[in-house]
Amino acid sequence: MRDGCRLFPLLLLALLRGLCHGREPAPGAVTCGSVLKLLNTRHSVRLHSHEVKYGSGSGQQSVTGFEASDDANSYWRVRGKSDGSCQRGTPVRCGQAVRLTHVNTGKNLHTHHFPSPLSNNQEVSAFGDDGEGDDLDIWLVQCSGTYWEREAAVRFKHFRTEAFLSITGEQYGHPIRGQREVHGMPTANQHNYWKAMEGVFIKPSMDPTKHDEL
């Protein structure tokens, strides 16, 4: 009995440490406010946009897959479903709703029921002004575990249409020759895995007032 009494405080301390550790953000987690490039792991191209509009469908700003790793038009900012819902430095959880805002043009990654120009899948575009668009800009981060880890491949499932952000390899001609079509697909498969690559990542923190850049 005496041994049990001595062990009890140690067990309690271990339990408390375990609970605290469970609330700790993963050091490699993607966080709100981070700016990054996303690589399609099947086709080795980065999610890209530019001031070139589709000549069909919605006529909105086109989104493509681009091979070059050093192009500034491949940077996207991770934001919440709404302002204030994803404070800077907070790790993004698996299943969380996010917006991806194109840094150079201020438009959000977007999809809707227009056919994509090459594959006739669901068109993916960049939409809105200064980061403000509509509820068709919202994507769910699909991953295993608790947080979106930078080393892990994840999927983005559209909040409204349930399409997955995908590339299947179709290439454009002039004026964006060689760039790949990005579109939405109804099923999860090898064409819709993405991995965080180059960027400026805000350190994970449970206190959103304290952050730094890695």
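The residues of the chain are indexed from 1 along the displayed sequence.
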* Would you say the side chain of M197 lies within less than 4.5 Å of the side chain of S69, judging by non-hydrogen atoms? -> no

* **Interatomic spacing from CG in D130 to OG1 in T105 - rounded to 0.5 Å** => 10.0 Å

* Please list all pairs passing the ring pair (Phe, Tyr, Trp, His ring centres under 6.0 Å) test where one or both residues lie in residues 70-102, with sequence neighbours left out. => W76-H102

* disulfide (SG to SG under 2.5 Å) contacts touching residues 49-98 (sequence neighbours left out) -> C32-C86, C94-C143

* Structure fact -> dist H191:NE2 -> T168:OG1 (nearest 0.5 Å) comes out at 6.5 Å

* Asked: Do S74 and H48 meet the criterion of a side-chain donor-acceptor pair at a distance under 3.5 Å?
  -> yes

* Structure fact -> By ring-ring contact (aromatic ring centres under 6.0 Å, His included), Y172 pairs with (sequence neighbours left out) none

* Structure fact -> Residues passing the ring-ring contact (aromatic ring centres under 6.0 Å, His included) test with F114, sequence neighbours excluded, are H112

* Structure fact -> Residue set satisfying side chain to side chain donor-acceptor pair (under 3.5 Å) with N104, at least two apart, ordered chain then number -> N73

* To do: Answer yes or no: is there a side-chain heavy-atom contact under 4.5 Å between P175 and V52?
  => yes

* Asked: Between E181 and S119, do the side chains contain an N or O donor and an N or O acceptor separated by less than 3.5 Å?
  -> yes

* Asked: Would you say K37's side chain and D71's backbone share a donor-acceptor pair under 3.5 angstrom?
  -> yes

* Asked: Of all heavy-atom pairs between G184 and N121, which one has the smallest distance, and what is that distance?
  -> O-CB, 3.4 Å

* Asked: If you round to the nearest 0.5 Å, how far is CD of Q61 from OG of S125?
  -> 8.5 Å

* Asked: For the side chain of K53 and the backbone of Q60, is there at least one donor-acceptor N/O pair under 3.5 Å apart?
  -> no

* Asked: Are any side-chain N or O atoms of R155 and backbone N or O atoms of N189, one a donor and one an acceptor, separated by less than 3.5 Å?
  -> yes

* Looking at CG of L36 and CZ of R150, how far apart are the two atoms once the value is rounded to the nearest 0.5 Å? -> 9.5 Å

* **Flag, side chain of Q122 to backbone of A163, donor-acceptor distance under 3.5 Å** => no

* Asked: When hydrophobic residues are tied together by side-chain contacts of less than 4.5 Å, even through go-betweens, does I167 share a cluster with L118?
  -> yes

* **Any donor-acceptor N/O pair, Y54 side chain to V124 backbone, under 3.5 Å** => yes

* **Residue pair V30 / F201: nearest heavy atoms and the distance that separates them** => CG2-CE2, 4.4 Å

* Structure fact -> Nearest heavy-atom approach of R177 to H174 is NH2-N, 3.9 Å

* Within 6.0 Å of CD in E198, more than 12 heavy atoms from elsewhere -> yes

* Spell out, yes or no, whether F164 and V182 are grouped together once hydrophobic residues are joined by side-chain heavy atoms under 4.5 Å, including indirect joins. => no

* Checking side-chain contact (heavy atoms from CB on, under 4.5 Å) for the pair Q142/F156: CA distance, chi angles, key distance, verdict? -> CA-CA 6 Å; Q142 290 200 334; F156 298 96; over 6 Å; no

* To do: I would like to know whether K107 and S49 meet side-chain contact (heavy atoms from CB on, under 4.5 Å); could you show each step before the answer?
  => CA-CA 9 Å; K107 296 183 183 297; S49 192; over 6 Å; no

* Check: T31 side chain, T90 main-chain N or O, donor-acceptor pair, under 3.5 Å -> no

* Asked: Within 45 degrees of the axis of the six-membered ring of F66 and under 6.0 Å from its centre: does R180 put its NZ or CZ there?
  -> no

* Asked: If you measure from OG on S44 to NZ on K195, what distance do you get to the nearest 0.5 Å?
  -> 11.0 Å

* Shortest non-hydrogen contact from N108 toward G133 -> ND2-N, 3.7 Å

* To do: Quick one: closest heavy-atom pair of G89 and I202, and the distance?
  => CA-CG2, 3.6 Å

* Identify the two heavy atoms, one from E67 and one from R46, that lie closest to each other, and give their separation to 0.1 Å. => O-NH1, 4.0 Å

* Structure fact -> Here the gap from F159 atom CZ to R99 atom CZ, rounded to the nearest 0.5 Å, amounts to 12.5 Å

* Group every Ile, Leu, Val, Met, Phe, Trp and Tyr by side-chain heavy-atom contacts under 4.5 Å, then state whether V35 and L109 land in the same group. => no

* Would L100 and V45 show up in the same hydrophobic cluster when neighbours are defined by side-chain heavy atoms closer than 4.5 Å? -> yes

* Residues forming a ring-ring contact (aromatic ring centres under 6.0 Å, His included) with F127, sequence neighbours excluded -> H110

* Structure fact -> Of D137, L136, L140, L165, the one forming a side chain to side chain contact (heavy atoms under 4.5 Å, CB included) with H158 is L136

* Answer with yes or no whether the hydrophobic clustering places W148 together with Y193; edges join I, L, V, M, F, W, Y residues whose side-chain heavy atoms lie under 4.5 Å apart. => no

